[in-house]
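Here's the structure we're looking at; comments come further down.
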Amino acid sequence: MPNWQELVCQRLSGLALNAAEKDEIYAELAAHLEEAYEVFRSQGLLEAEAVQRTLVQVADWQDLQRKILNARRSEQPMQKRVYQLWFPGLLTMTLSTIFLMMLQKLGFQPRNIGSGPDGVLFYAPWLASLPFFGALGAYLSARSGGLPRTMLLVSAFPALALTGAFLSMFPIGFVIERIIGRANGFGMLATELLRDGIDWILIPGAALLAGGFLVHFLFNRPPCPKEGQLAG
């Protein structure tokens, strides 16, 4: 008798869903096929014929795959976005910020690597914690059904949010200048912050993504077996 779950996995290998959702679909469909197979066997059919009659129930696997994807994508998209992106992303940013504040309160100071304007602030204890926070956010996203790209986006959420905040200073400064009729320091401040972006964006972002990639690797399922290996 074939391993029905492996067979379904091979036939629906193109499902663009996260590992947990795919496992759920594979298990449900495999149980249905196995039940149909047992019915055919109980009617006296030989194994090969029972397998063939069972597989005929799914006339077009590609069409079934499209229907499953459409059904999944239409299930409460806003609620899924909250639990897959916004909640774990904001939690990652909050925890990393609180930990930074705690380190500062305890007297930890960043090291300045290099000299002059090219020096880089290196906050070793904080940077060492960021892969953990990035991995936590990616894990929560994955547990809620987030796709790999969503998991990585969540892990880098603090760095992306900080980049967005810096960039928003330019249009805000422009609007304020037009309202009050004189120059303000928003644009200059944003320029200085972006100039120091390697300290507060690039290096922390890379550390956060390291944790996200680790979770992505752990949640990545091995490929389905080839069709020739399914018979058993």
Side-chain angles (χ1 to χ4, degrees), residues 15-26 72 75-115 118-169 189-190 192-223:
L15 273 179
L17 298 173
N18 67 80
E21 288 182 309
K22 285 196 287 189
D23 284 349
E24 179 184 353
I25 291 170
Y26 294 160
R72 289 284 174 165
E75 293 177 355
Q76 301 176 320
M78 182 57 68
Q79 183 178 354
K80 291 177 68 174
R81 192 173 299 115
V82 168
Y83 287 104
Q84 294 174 4
L85 174 61
W86 294 111
F87 172 72
L90 290 172
L91 180 64
T92 303
M93 183 170 64
T94 301
L95 292 177
S96 60
T97 303
I98 290 175
F99 188 65
L100 176 61
M101 295 170 61
M102 290 175 58
L103 289 174
Q104 292 174 336
K105 191 172 183 179
L106 292 173
F108 288 93
Q109 298 298 325
R111 293 182 58 189
N112 192 11
I113 300 178
S115 59
D118 296 328
V120 176
L121 290 177
F122 194 78
Y123 222 131
W126 183 58
L127 290 174
S129 72
L130 292 183
F132 169 77
F133 293 128
L136 176 61
Y139 172 76
L140 293 175
S141 176
R143 291 284 294 178
S144 299
L147 295 174
R149 61 177 179 269
T150 306
M151 295 164 52
L152 296 178
L153 183 62
V154 166
S155 65
F157 193 91
L160 295 174
L162 190 58
T163 303
F166 290 167
L167 293 176
S168 68
M169 291 183 179
L189 176 61
E192 290 297 324
L193 290 173
L194 285 175
R195 188 175 300 164
D196 295 333
I198 192 171
D199 303 344
W200 298 104
I201 296 176
L202 295 183
I203 295 177
L208 289 162
L209 274 175
F213 274 112
L214 175 62
V215 173
H216 170 59
F217 174 78
L218 293 176
F219 270 75
N220 190 29
R221 292 291 191 272

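Everything quoted here is computed from the prediction, not taken from an experiment.
In this structure, CG in Leu85 is found 8.5 Å from CG in Leu90, a value given to the nearest 0.5 Å. One finds the CG atom of Leu160 at 10.5 Å from the CE atom of Met93 (value rounded to the nearest 0.5 Å). How far CG of Leu100 is from CG of Leu130: 9.0 Å, rounded to the nearest 0.5 Å. Note that CZ of Phe157 is 16.0 Å distant from CZ of Phe133, once rounded to the nearest 0.5 Å. Residue Leu208 holds its CG atom at 12.5 Å from CZ of Phe132, rounded to the nearest 0.5 Å. The line from OG1 of Thr92 to CG of Leu140 is 7.0 Å long, rounded to the nearest 0.5 Å.
The two atoms that bring Gly205 and Ala159 nearest to each other are CA-CB, 3.7 Å, heavy atoms only. Of all heavy-atom pairs between Phe108 and Pro125, the closest is CD2-CG, 4.1 Å. Of all non-hydrogen atoms in Thr150 and Gln84, the two that sit nearest each other are CG2-O, 3.4 Å.
At distances below 3.5 Å, not a single donor-acceptor pair connects side-chain atoms of Ser141 with backbone N or O atoms of Gly137.
For Leu209, the side-chain contact (heavy atoms from CB on, under 4.5 Å) partners two or more places apart in sequence, or in a different chain, are Leu152, Ser155, Ala156, Phe213.
At a threshold of 4.5 Å between non-hydrogen side-chain atoms, the residues Trp126 and Ser96 count as touching.
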